[in-house]
Protein chains: 2
Amino acid sequence: MAINRDAILDATLALAEERGLDAVSMRAVAARLGVTPMALYRHVGDKQGLLDGVVERLLDELPSPDASLAPDERLRELAGALRSTARRHPDVFVMLLRRPATTPASLRARERVYAALADAGVPEDLVPRVERLVSTFMLGFAASEAGGRFAQHSRATLDADLAWALEVVRGALGGGRRSAE
Amino acid sequence: MAINRDAILDATLALAEERGLDAVSMRAVAARLGVTPMALYRHVGDKQGLLDGVVERLLDELPSPDASLAPDERLRELAGALRSTARRHPDVFVMLLRRPATTPASLRARERVYAALADAGVPEDLVPRVERLVSTFMLGFAASEAGGRFAQHSRATLDADLAWALEVVRGALGGGRRSAE
DNA sequence: ACCTGAACACCGTTCAAGT
DNA sequence: ACCTGAACACCGTTCAAGT
């Protein structure tokens, strides 16, 4: 059987999407690939390594918004992508909150936010802090929505929540801009 | 052996604190109580029920800030309590994002935030929305900090992040107040 | 280099039985 | 009402062996 790390991560994501993260076992992933469980270990280390790889995949599937769009528009696109990723993989998604934001895919995603914030006029020395707070909020929001914490609220309510949050941030940043005029 | 739901949840939390959530199994909890695994089922339903009970416990251990304190102070106290709870139970904590915020303990915690926001002058019809956004941010922040997402940042940096976030919220809300003056 | 077979020490849960 | 014993269908992982 021809297997490699990429094929293993593909199979894992497909399995998680079809039957949930609880159904993801070394044995089930191996069976899906027509291989014995032990064949996976060479490629992903162990089960934790498999899950780390899957989380990294999720981050790498986030879009790279067109640089010609307005900064607000780019942030909204990233936020929307995060929400739909969370909905597709609710259990994998929360793992994002459980590992250092220093992996390659994590850095790539962060750079996009940095660029949008800088273009929006956030002073250079504040960009990392604002990124941490905005990303933390969005991860919490997307995880909550996909995880069912907001189950009793309509999609419209949550969309309005998010729009309000963007206004608050814009207000805080716009304030910084105005002070430079 | 005399066992009941409370004793089971106590044993589970102690086990999670000592050896991590991965060490929490029906069998391990039962062994700690000197009982067979099957004895637990009558009291907690199944493993999911056990975990639900533990999450509820965490929420119920949050403090009830003194109503005589300034609203800001009360929110800071709740935020601090959330952070230390997350640090003590990082894996249990993320489960908060995975279940509806409609359990009794969840409602009790929410009422405290409602009261603080109302006392801070947030218009009544905005209180639920602001609570959702503030709580979502705090859950995401505490989970990230405890889960290691901010591993490369110092405690001082994170404290400053949080203080900045509070300023942003105060700015947005203070704005609402000022417009009524 | 890469995959397999057999084995070890675990899981959650059901079901019938005991007291 | 509450706990037990035995059993079923699973886990992750190691290790020696095969090609």
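Computed over heavy atoms, backbone and side chain alike; hydrogens, waters and symmetry mates excluded. Numbers restart at 1 for each chain; the letters A, B, ... are given by sequence-line order, proteins then strands.
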Specify the separation, in whole Å, of atom CG of A:N4 and atom C1' of C:dC3.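 Roughly 14 Å, once rounded to whole Å.
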Whole angstrom value for the distance that separates P of D:dC2 from CG of B:L33: 15 Å
For [X], check salt bridge (charged side-chain N to carboxylate O under 4.0 Å, His left out) against everything at least two apart and list the hits.
X: A:R57; result: A:D6, A:D10
X: A:R108; result: A:D60
X: B:E167; result: B:R170
X: A:E56; result: none

Residue pairs involving [range] (criterion salt bridge (Lys or Arg N to Asp or Glu O under 4.0 Å); sequence neighbours excluded):
range: residues 29-46 of chain B; value: B:E18-B:R32
range: residues 146-158 of chain B; value: B:R155-B:D159
range: residues 128-147 of chain B; value: A:D161-B:R129, A:D161-B:R132, B:R83-B:E145, B:R87-B:E145

Stems field, DNA chain D, Watson-Crick or wobble, 3.5 Å, at least 3 pairs, by first number, holds C:4-8 with D:12-16, C:12-16 with D:4-8
Span that lies between the P atom of D:dA9 and that of C:dA9, in whole angstrom: 22 Å
Rounding to the closest angstrom, what is the interatomic distance between D:dC15 and C:dC3 at atom C1'?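 Between the two C1' atoms, the distance is 14 Å.
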With sequence neighbours left out, what residues match B:E124 under side chain to side chain contact (heavy atoms under 4.5 Å, CB included)?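 Partners of B:E124 by the side chain to side chain contact (heavy atoms under 4.5 Å, CB included) criterion come out as none, since no residue qualifies.
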Sequence neighbours excluded, which residues qualify as side chain to side chain contact (heavy atoms under 4.5 Å, CB included) partners of A:V29? A:I8, A:A11, A:T12, A:L15, A:V24, A:L33, A:L40, A:L50
For DNA chain C, determine which residues of residues 37-46 of chain B have any heavy atom closer than 4.0 angstrom to one of its atoms, and list them numerically.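 Those residues whose heavy atoms fall under 4.0 Å from DNA chain C, taken from residues 37-46 of chain B in numerical order, are B:M38, B:Y41, B:D46.
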Polar atom pairs (N or O), protein with nucleotides 8-11 of chain D, under 3.5 Å:
{"residue": "D:dC11", "atom": "OP1", "partner": "A:S25", "partner atom": "OG", "Å": "3.3"}

Should A:R74 and A:D119 count as side-chain neighbours, where that means a heavy-atom distance under 4.5 Å? yes
